[in-house]
Amino acid sequence: MNPEEYLKQKKGQIDKALALYLEAENSPVFEAMRYAVLNGGKRFRPLLLLASGQNFGAAEELLLPYACSIELIHNYSLIHDDLPLMDNDDFRRGRPSCHKQFGPALALLAGNGLLSMAFEILAGAPTPASNHQVKERIIEDIAAVSGPRGLIAGQWLDMSFKPDNPQLADLQEIALKKTAGLIKVSASSGAKLGGASLAEVEALEKFGTFLGLAFQIRDDITDFNQDQSSVRRSSLPNMARWLGPTASVQYLKDLLDKAADSLKEYNIKSEIFGFFINQLDIGFK
Ligand code: GRG
């Protein structure tokens, strides 16, 4: 099976598993949760977790709960990010954002619900027979990247950003916390569940971090190209605006090269990982 077909098939499985988790009840909160999650996200993070786990021989049944939990956390962050008191976006994935559809109070609760449910799923997730402690480590990793030193810190840095004299390092810190953390933990959790060695886990952490930074700069380049004239957008932290069009494309390429090198260094060969890298490169060749 080629990588494209593999990922299409896995995406179908992830979507099905997410729908099953979210069918638990028919309350308004669950309806808002389903609306936010089951609406065509790319599932980049759970796909990366599955690909990473399967690369090291983990069974899909073992990986899916971890993959879905990370996707739920990602979706909670998108709902909250879109709220009027945060980024105030009316649209998400081509349709009204959760608060536009259900109002801010229900959207806020749907986000909280997804975050708690993610940890409920993690607590009940299977553990590899060969290593019982790995689950605890992974829950700790996921909590750390989603928590007040990770995603939440990144969101605050993003919101309180002052565009007067930004340094690239400041923008990188935001991207590392806001975007790269969940992507890194997706890559490393799969490897851990597959019983990868410490060195291999480290390689996957580096790979995920570079991929995560590339993900953000790619998004920044797209935003910058679309919104050059927008005054509101020009005050947001955007690495493409800071670097300029040529240097930002070069930076993206450098990050993708580093992602590939992180794997080569440990002799990890995977067509799927190469496909993830190429996906982020498309359009900028
Ligand atoms: C509210 C705690 C809190 C955090 C919000 C995720 C986030 C932090 C903000 C979203 C805004 C943004 C532009 C983030 C950069 C990462 C990014 C491009 C997210 C969108 O992820 P995709 O492309 O989305 O994976 P889909 O829709 O495919 O799931």
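One-based numbering, in listed order, for ligands and for the atoms of each.
When only modelled atom types and interatomic distance are considered, E31 and N26 share no side-chain donor-acceptor pair under 3.5 Å.
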Counting only pairs under 3.5 Å, give me each side-chain donor-acceptor contact of residues 105-134, with atom names and distances, residues two or more places apart or in other chains.
{"from": "S116", "atom 1": "OG", "to": "N112", "atom 2": "O", "distance (Å)": "3.2"}
{"from": "N131", "atom 1": "OD1", "to": "Q133", "atom 2": "N", "distance (Å)": "3.1"}
{"from": "N131", "atom 1": "OD1", "to": "V134", "atom 2": "N", "distance (Å)": "3.4"}

Anything under 3.5 Å between a donor and an acceptor, one on a side chain of residues 264-273, the other on a protein residue two or more places apart or in another chain? List them.
{"from": "N267", "atom 1": "OD1", "to": "K269", "atom 2": "NZ", "distance (Å)": "3.3"}
{"from": "S270", "atom 1": "OG", "to": "I272", "atom 2": "N", "distance (Å)": "3.2"}
{"from": "S270", "atom 1": "OG", "to": "F273", "atom 2": "N", "distance (Å)": "3.0"}

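Proximity to H80 (heavy-atom distance under 4.0 Å) selects the following atoms of ligand 1: 1 (C). For ligand 1, the atoms closer than 4.0 angstrom to any heavy atom of R93 are 26 (P), 27 (O), 29 (O). The atoms of ligand 1 that sit less than 4.0 Å from any heavy atom of T179 are 15 (C), 16 (C).
Atom 6 (C) of ligand 1 has S77 OG, 3.2 Å as its closest protein atom, hydrogens excluded (heavy atom only). For atom 25 (O) of ligand 1, the nearest non-hydrogen atom of the protein is R45 NH1, 2.8 Å. For atom 13 (C) of ligand 1, the closest non-hydrogen atom of the protein is D219 OD2, 3.4 Å. Nearest protein neighbour of atom 5 (C) of ligand 1, counting heavy atoms only, is Q155 OE1, 3.2 Å. Closest to atom 22 (P) of ligand 1, if we only count protein heavy atoms, is K42 NZ, 3.4 Å. In terms of protein heavy-atom proximity, atom 15 (C) of ligand 1 is nearest to Q216 OE1, 3.1 Å.
Heavy atoms of D81 found under 4.0 angstrom from ligand 1 belong to the backbone as well as the side chain.
A cation-pi contact, defined as under 6.0 Å to the ring centre and within 45° of the axis, is absent between R92 and Y35. Within the cation-pi definition used here (under 6.0 Å to the ring centroid, within 45° of the axis), R45 qualifies as a partner of F215.
Formation of a donor-acceptor pair under 3.5 Å by the D89 side chain with backbone atoms of F91 is not found in this model.
The salt bridge (Lys or Arg N to Asp or Glu O under 4.0 Å) with K178 is formed by just one residue from the set D81, D158, D87, D219; it is D158.
Of the listed options E71, H74, R218, K178, K178 places a heavy atom closest to atom 14 (C) of ligand 1. When F215, W156, Y76 are checked for heavy-atom proximity to atom 2 (C) of ligand 1, Y76 turns out nearest.
Taking the six-membered ring for Trp and the full ring otherwise, the centers of Y6 and F275 sit at least 6.0 Å from each other.
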